[in-house]
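Computed from a predicted structure; not experimentally measured. The analysis underlying the following values was restricted to heavy atoms, covering all of them including side chains, and did not include hydrogens, waters or symmetry mates. Numbered from 1 within each chain, the chains take letters A, B, ... in sequence-line order.
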Amino acid sequence: MADDKRLTPRSESFSAWYNDVVQRAELADYSPVRGCMVIRPWGYAIWELMQQGLDGLFKETGHENAYFPLLIPMSFIEREKEHVEGFKPELAVVSHAGGRELDEPYVVRPTSETIIYSMYAKWVQSYRDLPLLLNQWCNVMRWELRTRLFLRTSEFLWQEGHTAHATREEAEEEARRMLGVYRQFQEDWIAMPPVSGLKSESEKFAGAVRSYSVEALMQDNRALQAGTSHFLGQNFSRQFGLTFQSEEGREEHAWNTSWGVSTRMVGGMVMTHGDDNGIVVPPRIAPAQVVIVPIWRTDAQRVLVLEEADRFRDQLVAAGVRVRIDARDHLNPGAKFYEWERKGAPFRAEIGPRDVAKGQVVLARRVPFSSSERKRFLSREEALATLPALLDAFHEDLLEGARARREANSHRGISDLGELKEILDAGGGLVYTGWSGDPDVEERVKQATRATIRVIPDDEFASSSRPSRCIGGGAAKMEVAWARAY
RNA sequence: CGGGGCGUGGCGCAGCCCGGUAGCGCGCCUGCUUUGGGAGCAGGAGGUCGCCGGUUCGAAUCCGGCCGCCCCGACCA
């Protein structure tokens with residue numbers, strides 16, 4: 001039946017579409033463990049490319065990778081008051097090991113501030129040991145009530161950067177710098193342009209002095225917190241005795257930051273670029289940027305076509321393009337076209353007997369070049385010479401499309417609560433209003449609209465005229481962006 | 001945790017109301033023919049009907065309990 005092959009259209013149910021497409025694109029599957037997912041090879045390869053891109057940026061900004069234990073003594077988590085309050089409900093605890101009950105239970109890390117800063121305390125003596133700039137790639141566990149593949153699972157993969165600095169200014173700068181790295185990465189690799197800014201008090205990380213985030217607007221106009229960066233002040237260094245001797249010989253507490261992005265970005269990619277035919281993987285994170293589909297009738301043609309496909313692949317690989325040949329014999333070409341569209345490969349190159357004869361390839365882009373140009377016929381030399389540029393151009397088109405969608409769904413200068421609610425109920429995305437900074441107002445608006453303050457936007461995203469009225473009445477002290485969020 | 005829905009070959013479903021020992025599509029296997037947008041024909045494999053108990057000569061179907069999953073709301077990267 002045709003219906004077996006179709007995905008639930010986005011217009012029918014965006015969340016059903018998401019669940020469908022994540023599984024049918026073979027990104028991930030549900031696991032026997034409640035709330036946990038299995039990331040399948042295609043999805044994992046995308047994550048690996050994200051990791052590579054980010055890891056490069058971390059290294060460029062002076063960070064090194066390390067690894068800390070999965071299990072954290074319960075007493076560590078409990079040391080920072082705000083921190084434990086924030087995480088208590090979602091901790092998974094190991095109480096038994098080696099066949100007996102442990103004297104002190106361990107928690108499966110929900111995040112690693114405590115164990116990492118306890119080690120930093122051991123390693124840092126002098127201002128000369130600072131800054132200490134480490135990152136770790138790992139899994140974490142937060143017991144979630146309601147889970148969704150990639151967007152919220154009990155176990156997820158992420159990176160967490162943890163830094164220690166001699167001065168407050170330097171740590172604050174680091175937190176801002178890494179927020180910028182996330183933004184840059186999401187634009188340059190995922191073609192997902194977020195809005196960056198400061199979190200409100202109620203939305204900040206448990207244990208932080210200040211939290212920043214990048215918020216991306218999905219196709220259903222809900223916001224996705226796609227990365228966070230925290231200025232931790234001296235909260236953890238005080239609890240873990242992370243001190244150093246300053247140049248002047250005084251003992252001082254170090255200043256910390258932490259920052260992380262997770263496999264949630266894969267979900268963000270899906271909901272930013274996907275369409276009713278499947279996901280769209282932006283070129284720089286596509287495990288196969290070009291999929292060659294060979295076409296043949298006879299055995300002789302098969303040999304000839306596959307030979308040409310191999311040669312073309314080798315040439316593309318030499319040009320730095322990630323290529324895959326789909327030589328499966330039990331599927332006809334049409335079936336392969338649909339499959340790779342579902343899985344979001346940026347380009348498909350068809351090579352059949354006619355193309356071999358003419359020395360050409362037929363190139364199709366996952367999102368067509370234009371409505372009138374669904375396929376491009378290129379000589380092999382041309383294809384080879386232009387593909388790297390075509391990949392870049394596709395990235396730019398995706399980024400521009402996503403940015404245009406974000407802007408089209410951003411509503412500025414809203415000062416009336418009724419209007420805010422109206423916009424949100426009509427499916428509006430990011431709504432910019434004034435705010436006094438009063439948490440009671442924030443809570444009241446949240447109750448009334450089911451939206452939250454996503455960020456106090458950075459200057460670049462702020463409205464050209466600063467709002468004077470607070471959404472809850474009275475004078476505004478700042479501008480905030482509201483949205484319903486994942 | 002509240003509301004809704006669903007558990008039947010790998011996937012999607014029908015059968016349940018009205019009990020009689022399981023069927024359809026897709027997928028899978030074998031063979032032949034095919035292959036430029038989801039191939040055709042022929043043959044074949046595959047199911048303790050979520051679990052436990054009850055009613056009955058007999059339960060996928062009726063009754064009770066339990067478990068699990070999905071969706072919508074309260075908390076969260």
#### Entry: Gap in Å between the two C1' atoms, one belonging to B/rC67 and one to B/rA74, rounded
24 Å

### Query
Using a cut-off of 4.0 Å on non-hydrogen atoms, how would the nucleic acid contact of A/Val362 be classed: base, sugar-phosphate, or nothing?
base

### Whole-Å distance separating the CG atom of A/Leu54 from the P atom of B/rA77
18 Å

### Message
Tell me whether the side-chain N or O atoms of A/Arg297 pair up with the base of B/rG36 as donor and acceptor below 3.5 Å, since no angle test is needed here.
### Response
no

#### Entry: Flag for A/Asp220-A/Tyr486: side-chain donor and acceptor within less than 3.5 Å
yes

### Query
Using a cut-off of 4.0 Å on non-hydrogen atoms, how would the nucleic acid contact of A/Trp158 be classed: base, sugar-phosphate, or nothing?
nothing

### Task
Could you list all the side chain to side chain donor-acceptor pair (under 3.5 Å) pairs where at least one residue sits in residues 439-450 of chain A, not counting sequence neighbours?
A/Ser200-A/Glu442, A/Ser202-A/Glu442, A/Glu443-A/Gln447

### Message
In whole Å, I'd like the distance from the CG atom of A/Leu149 to the P atom of B/rA77.
### Response
19 Å

## Note on the structure
Closest to the side chain of A/Arg148, out of B/rC71, B/rU35, B/rG38, is B/rC71

### Query
Which nucleotide in the list B/rG36, B/rG37, B/rC28 gets nearest to the side chain of A/Glu341?
B/rG37

### Query
With nearest nucleotides of RNA chain B determined for A/His230 and A/Tyr30 from heavy-atom distances, which residue corresponds to the more 5′ nucleotide?
A/Tyr30

### Query
Contact class for A/Arg142 vs. all strands (heavy atom < 4.0 Å): base, sugar-phosphate, or nothing?
base

### Query
Within the structure shown, what part of the strands sits under 4.0 Å from A/Thr153 by heavy-atom distance: base, sugar-phosphate, or nothing?
base

### Message
With rounding to the closest Å, how many angstrom separate the C1' atoms on B/rC49 and B/rC6?
### Response
14 Å

#### Entry: Rounded distance in Å - CE (A/Met178) to P (B/rA77)
19 Å

#### Entry: Ring centroids of A/Phe156 and B/rA77 base under 5.5 Å with planes under 30°
yes

### Query
Does A/His63 use its side chain to pair, donor to acceptor, with the backbone of A/Phe58 at less than 3.5 Å?
yes

### Summary
Applying the 3.5 Å cut-off to both distances, the Watson-Crick or G-U partner of B/rG46 turns out to be none

### Message
Taking B/rU8 as the reference, what is the distance to B/rG50 when you measure between their C1' atoms (whole Å, please)?
### Response
10 Å

### Query
Does a nitrogen or oxygen in the side chain of A/Ser15 sit under 4.0 Å from OP1 or OP2 of B/rC72?
yes

### Query
Considering every strand shown, what is the Watson-Crick or G-U wobble mate of B/rC75 when both distances are under 3.5 Å?
none

### Summary
In whole angstroms, the gap separating C1' of B/rC28 from CG of A/Leu331 amounts to 13 Å

#### Entry: Distance between P atoms of B/rC70 and B/rG27 (Å, rounded)
27 Å

### Message
Counting the atoms with a prime plus P, OP1 and OP2 as sugar-phosphate, which does A/Thr263 contact under 4.0 Å by heavy atoms, base, sugar-phosphate, or nothing?
### Response
nothing

### Message
So A/Leu224, base contact, sugar-phosphate only, or nothing? Heavy-atom distance under 4.0 Å.
### Response
nothing

### Mate of B/rG53 where both pairing distances stay under 3.5 Å, Watson-Crick or G-U
B/rC63

### Task
Could you point out which residue of A/Asn256, A/Leu132, A/Thr257, A/Leu134 forms a side chain to side chain contact (heavy atoms under 4.5 Å, CB included) with A/Thr163?
A/Thr257

#### Entry: Polar contact flag, side-chain donor to acceptor under 3.5 angstrom, A/Arg109-A/Thr111
no

### Task
For B/rC71 versus B/rC16, give the span between their P atoms, rounded off to a whole number of Å.
29 Å

### Message
Need the pair for B/rG31. Rule: Watson-Crick or G-U wobble, both distances under 3.5 Å, any strand; none if unpaired.
### Response
B/rC41

### Summary
Considering only heavy side-chain atoms of A/Gln225, the closest of B/rA74, B/rG36, B/rA77 is B/rA77

### Query
What is the nucleic acid contact for A/Lys375, judged by heavy atoms within less than 4.0 Å: base, sugar-phosphate only, or nothing?
base

### Query
With a non-hydrogen cut-off below 4.0 angstrom, is A/Pro353 in contact with a base, only sugar-phosphate, or nothing?
base

### Query
Which part of the nucleic acid, if any, lies within reach of A/Gly352 when heavy atoms closer than 4.0 Å are counted: base, sugar-phosphate only, or nothing?
base

### Query
From B/rA77, B/rA74, B/rU35, pick the nucleotide closest to the side chain of A/Leu145?
B/rA74

### Message
Quiz question: by atom type and distance under 3.5 Å, do the side chains of A/Gln219 and A/Arg10 form a donor-acceptor pair?
### Response
yes

## Note on the structure
Ranking B/rA77, B/rC72, B/rU35 by distance to the side chain of A/Arg146, first place goes to B/rC72

#### Entry: Main-chain N/O of A/Val361 paired with A/Asp355 side-chain donor or acceptor, under 3.5 Å
no

### P atoms of B/rC57 and B/rC41, separation to the nearest Å
48 Å

## Note on the structure
Picking from B/rG73, B/rG36, B/rA77, the nucleotide nearest the side-chain atoms of A/Glu350 would be B/rG36

### Query
In whole Å, what is the span from the CD atom of A/Glu443 to the C1' atom of B/rA74?
11 Å

### Query
Between the side chains of A/Asn277 and A/Glu341, does any donor sit under 3.5 Å from an acceptor?
no

### Query
In terms of side-chain heavy atoms of A/Asn19, which of B/rC70, B/rU35, B/rG73 is nearest?
B/rC70

### Message
Strictly by Watson-Crick or wobble contacts shorter than 3.5 Å, is anything paired with B/rG68, and which nucleotide is it?
### Response
B/rC6

### Query
Between atom CD in A/Glu26 and atom P in B/rC11, what is the gap in whole Å?
14 Å

### Query
More than 12 foreign heavy atoms under 6.0 Å from CZ of A/Phe87: is that the case here?
yes

### Message
Whole angstroms only, please: what is the CG-P distance between A/Leu91 and B/rA77?
### Response
14 Å

### Task
In whole angstrom, give me the gap between the C1' atoms of B/rG68 and B/rC51.
10 Å

### Side chain of A/Asp355 (C-beta onward), nearest among B/rC28, B/rA77, B/rG36
B/rG36

### Message
Taking B/rC72 as the reference, what is the distance to B/rU55 when you measure between their C1' atoms (whole Å, please)?
### Response
37 Å

### Task
Would you mind reading off the distance between A/Asp220 atom CG and B/rC72 atom C1', rounded to a whole angstrom?
14 Å

### Task
Identify whether a stacking contact exists between A/Tyr338 and B/rG38, where the ring centres must be under 5.5 Å apart and the planes under 30° apart.
yes

### Query
Base, sugar-phosphate, or nothing: which does A/Arg374 touch, judged by heavy atoms less than 4.0 Å apart?
nothing

### Query
What is the nucleic acid contact for A/Arg348, judged by heavy atoms within less than 4.0 Å: base, sugar-phosphate only, or nothing?
base

